[in-house]
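Model, not experiment: these values are computed from the prediction. Read the numbers this way: they start at 1 and go in the same order the structure lists the ligands and their atoms.
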Amino acid sequence: MKKIDISTKINNIKLSSCIMNASGALCRTEKELSNLLDSSSGALVTKSCTTNLRDGNKKPRYFEWNIGSINSMGLPNLGIDFYIDFLKKKKINKPIFLSISGFSLKENYFLIKKANLISNISALEINLSCPNIVNKREIFGYNFFYVSKFLKNVFKFNKKPLGIKLPPYFNEIHIKNMASIINRYPIGFITCVNSIPNGLYVNSYTESVVISPNNGFGGIGGKIIKPFALSNVSKFFSFLRKDISIIGCGGISSGQDVFDYILCGASAVQVGTQFIKEGISIFDRLKKELKEFLKKKNYFSIKHFLGNLKKIC
Ligand code: SIN
């Protein structure tokens, strides 16, 4: 029987499977990271780190319902040195994407310089889209001037494959303009999308919000955001240089969801809400379901349909 190949490449980094965790989902502590190393995910993405350890926002700060999740975590992380030390002492068996989320250009450059010294880190995913830093920080991905300035400077010293994690955009012109900025630089990949900012989930019975920070407003993830994420992947796929890979993220809970993302132009996908819900076995399940779906459709490699979404004329 012909083997079904779900391996992929992100900026020349080979992944044995196109399915990995999203930054933020069970990838903060030593135990969570070790579980990911031992799992069948194609890569490991760390929780977005800052220079110093952060406890994050007040709890409750995460809530999920049948078709979505809302969070305002506030970047709880153990600080970059923890992630570097963890990676130095572990036997690394898959590509490692270190997620970085500095509070300023200066902090981002500092963290990127530090990560450049660590051979076990395969790539850097710079999180320009955290929506949850109450009163302190804008969503950098919506500030096109910030992104231009960041990219203009970072490639003067960065030598690692580097990508940026973007917020969702809702106007085509914003995607076109962002793509034209990105196309000017030797960027390896983009990850789209982060959670949809400023969502509000209401508990009708208690007549209350469900998370504490920011009066209950937070980033929305899960199944409910998949159509928005797919549209960002598809539009970026048509506007970006072809050597820039896209990692799709938002609402993946089945092998067929993974297929849809690849059809729209993603070379790999990240799983967040459903990973938190289901745990580490999700990677085996999604791989199995994706392979079964491809077999039914007579595809033997993701290359055979990547970006081939048909239009209705
Ligand atoms: C958070 O820690 O608040 C979530 C991170 C993110 O959405 O980028």
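In terms of modelled atom types and a separation under 3.5 Å, the side chain of S72 and the main chain of P213 share no donor-acceptor contact. Formation of a donor-acceptor pair under 3.5 Å by the S101 side chain with backbone atoms of S48 is not found in this model. A donor-acceptor contact shorter than 3.5 Å links the side chain of N77 to the backbone of L75.
Using 4.0 Å as the threshold, P131 has a heavy atom nearer than that to some atom of ligand 1. Not a single heavy atom of N77 lies less than 4.0 angstrom from ligand 1. Under a 4.0 Å heavy-atom criterion, G219 is not in contact with ligand 1.
Those atoms of ligand 1 with a heavy atom of N132 less than 4.0 angstrom away are 1 (C), 3 (O), 4 (C). Atoms of ligand 1 lying under 4.0 Å from at least one heavy atom of P76, given by number and element, are 2 (O). Here is the list of ligand 1 atoms found below 4.0 Å of a heavy atom in N127: 6 (C), 8 (O). The C130 neighbourhood of ligand 1 comprises atoms 1 (C), 3 (O), 5 (C), 6 (C), 8 (O), with distances under 4.0 Å to a heavy atom of that residue. Near M73, with a cut-off below 4.0 Å to any heavy atom, the atoms of ligand 1 are 1 (C), 2 (O), 3 (O).
Inspection of the S254 and E289 side chains reveals no N or O donor paired with an N or O acceptor under 3.5 Å. Remark: the E292 side chain and the Q256 side chain contain no N/O donor-acceptor pair separated by less than 3.5 Å. Side-chain atoms of K113 and N116 include no donor-acceptor pair closer than 3.5 Å.
For atom 5 (C) of ligand 1, the nearest non-hydrogen atom from the set R61, K47, R28, R54 comes from K47.
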- Query: Which is it for D284 and S40 under the side-chain hydrogen bond (donor to acceptor under 3.5 Å, both in side chains) test, yes or no, and what are the steps along the way?
  - Reply: CA-CA 6 Å; D284 287 340; S40 62; 2.7 Å; yes
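Contacts between L75 and ligand 1, counted as non-hydrogen atom pairs separated by less than 4.0 Å, involve both the backbone and the side chain. At a 4.0 Å heavy-atom cut-off, ligand 1 touches N71 through the side chain alone.
Ionic pairing of E64 and K223 is not present here: no N-O contact between side-chain nitrogen and carboxylate oxygen is shorter than 4.0 angstrom.
Of the protein's non-hydrogen atoms, the one nearest atom 6 (C) of ligand 1 is N194 ND2, 3.5 Å.
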